[in-house]
There are 2 protein chains.
Amino acid sequence: MSTAQGARARARIEVTAAIKDEARRQLAAEGAAKLSLRSVARELGMVSSALYRYFPSRDELLTALIIDAYDSLGEAAEAAHATAADADHVRRWTAVCERVRAWALAHPHEYALIYGSPVPGYAAPETTVPAASRVGLLLIGIVRDAHRRPGLADLPLPGELRPEAERMAADLAPDLPPQAAVALVAAWAELFGLVGFELFGQFHRVVEDRETFFRHAAARLAHGVGLRP
Amino acid sequence: MSTAQGARARARIEVTAAIKDEARRQLAAEGAAKLSLRSVARELGMVSSALYRYFPSRDELLTALIIDAYDSLGEAAEAAHATAADADHVRRWTAVCERVRAWALAHPHEYALIYGSPVPGYAAPETTVPAASRVGLLLIGIVRDAHRRPGLADLPLPGELRPEAERMAADLAPDLPPQAAVALVAAWAELFGLVGFELFGQFHRVVEDRETFFRHAAARLAHGVGLRP
DNA sequence: CCAATGCAAGAGCACTGCTCTCGTTTTTGT
DNA sequence: ACAAAAACGAGAGCAGTGCTCTTGCATTGG
């Protein structure tokens, strides 16, 4: 039987956590490109080959960090949503958007890891999907609330788009009108376009008061999906 | 005086071009991470150290490729704009957007290089700015045309945003109303959010008919900046 | 108690960016 | 036209990387 897992098993999860912590430290400090297995091992006082008992490759380590980053961002966004629970739909939407931006500015390298170019060979493994969906699900929830109250403006749905819109709505939010689903996905992508452009320097000498600019852009996105104050 | 530059100077620009060509080949085939100076040199039949006579570092080579990529994208977008010169403003806008998307899908690694996470240490050098602005200038031109005809819808300008809006308009397009400038910059960033999400796999199992989805998202962006058919 | 497994260490391979030196060739100033 | 200066290609070498394989020790489980 043995209730308490042996000392070995406990040591394993501790070492695994220590590796991830040190790797995350190096990622935050220098970026994914400069993160090296050898230097993580060195910092932890072990030899590089020992590290392969815990992660089969550098890419696997990075994947673990990717999932953690998605979770950290999702948690932050959910917390922002919770503290704005009493506000109207537009304010809840912008609260989530602003928190996403704040998280990105605070964790630029983690953000680049998950929303920048895929760093490894490429193709994010399927295991990252649940963690990656958290912000999206949050935004869907806000629009769903607005639709139930009711308070979701009706959007036009061009005929050409109807089949895809219905498919998307069926997968994402069967209770929402199809045009809301497409508007939502578009706004979701556009939100990260705004954040990414600011973070990666495209707004250099273009936007100065980025906080104000972003707040209004986020409000315009909310308006675009049909939310009204 | 000496009109025809010496054979040495001519050889230099030829070798420089050959290096860039081979580097671009490897970039397109394997991505920026796998592009190595040594393998470029190997493929060109020279030794790696000789390559440093032409590019002082790997990052400088990458910077040259970045500028070329911006120019290639800008050229494609301008060509699309030219062939749609007779159409209405919305169609010209969407033509440019769709060409940007098509270029990104055709050159994923180049796109990742310029709009993904900055690959080197980071911070794109100032020399990339002119090439990077071409698509933005194109979009500004379309809105300016619409404003002159006239046919640019009036957008609201919240008081809080007015100072930044006026600053942006002064820098970007003094002849446009301030609110058009902010809407333009936001739409510009959002456009690349849409493209990036599709390219980097965020639409996996979310959007199926991506062409149709994108066309309508681009049209919605046009509407958002005040363009009307 | 003993065999099977988990683990850390070390050596080693193939690769990278980059530097320095050493002849050779081309350009330039007088 | 000739010598000094600059540009160039080749090679060796340094420090670093991801990853594999073998060896010996510690911890498990039957």
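Naming: A, B, ... by sequence-line order, numbering from 1 per chain. Because the structure is predicted, anything quoted here is derived from the model rather than measured.
Listed for the A:H81 side chain is no donor-acceptor partner under 3.5 Å among the backbone atoms of A:A77.
In this structure, B:Y54 reaches the sugar-phosphate backbone alone: every heavy-atom distance under 4.0 Å involves primed, P, OP1 or OP2 atoms, never a base. Within the 4.0 angstrom heavy-atom criterion, no nucleotide atom of any strand lies near B:L51. Nucleic acid contact for A:S48: base, since at least one base atom lies under 4.0 Å from a heavy atom of the residue. Here A:L35 lies in heavy-atom contact (under 4.0 Å) with sugar-phosphate atoms only. Contact annotation for B:S36: backbone-only contact, meaning every heavy-atom pair under 4.0 Å involves sugar-phosphate atoms and none involves a base.
Comparing A:G45 and A:R38 by the nucleotide of DNA chain C that holds the closest heavy atom to each, the one mapping nearer the 5' end is A:G45. Between A:P56 and A:S39, the residue anchored closer to the 5' end of DNA chain D is A:S39, taking for each the nucleotide with the nearest heavy atom. Each of B:A50 and A:L37 was assigned the nucleotide of DNA chain D with the nearest heavy atom; the assignment lying further toward the 5' end belongs to B:A50.
Phosphate proximity of D:dG18 to A:R58: present, with a side-chain N or O under 4.0 Å from OP1 or OP2. Between B:R12 and D:dC8, a side-chain N or O to OP1/OP2 separation shorter than 4.0 Å is present. Applying the 4.0 Å criterion to OP1 and OP2 of D:dC19, one finds that A:R53 has every side-chain N and O outside that range.
A:Q26 and A:S39 share a side-chain donor-acceptor pair at under 3.5 Å.
Here D:dT28 presents its C1' atom at 14 Å from CZ of A:R10, a figure rounded to the nearest Å. When rounded to the nearest whole Å, the span between CG of B:L62 and P of C:dC18 equals 10 Å. One can place CD of A:E43 at 14 Å from P of D:dG16, the figure rounded to the nearest angstrom. In this structure, the CD atom of A:E30 is 12 Å from the P atom of D:dT17, given to the nearest Å. Between A:I19 atom CD1 and D:dG18 atom P there is a gap of 13 Å when expressed in whole angstrom units. One interatomic measurement links the two molecules: OH of B:Y52 to C1' of D:dG13, which rounds to 14 Å at whole-angstrom precision. A:M46 places its CE atom 14 Å from the P atom of C:dG10, with the value rounded to the nearest Å. To the nearest angstrom, P of C:dT28 lies 10 Å from CZ of B:R8.
Comment: B:R167 engages B:E164 in a salt bridge, judged by a side-chain N to carboxylate O separation of less than 4.0 angstrom.
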Could you go through the ring-ring contact (aromatic ring centres under 6.0 Å, His included) check for A:F197 and B:F192 one step at a time? CA-CA 8 Å; A:F197 259 37; B:F192 286 92; 5.4 Å; yes
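Donor-acceptor pairing under 3.5 Å, judged by distance alone, is present between the side chain of A:S49 and the base of C:dG10.
By the 30° and 60° cut-offs, the orientation of the rings of B:F203 relative to A:W188 is tilted.
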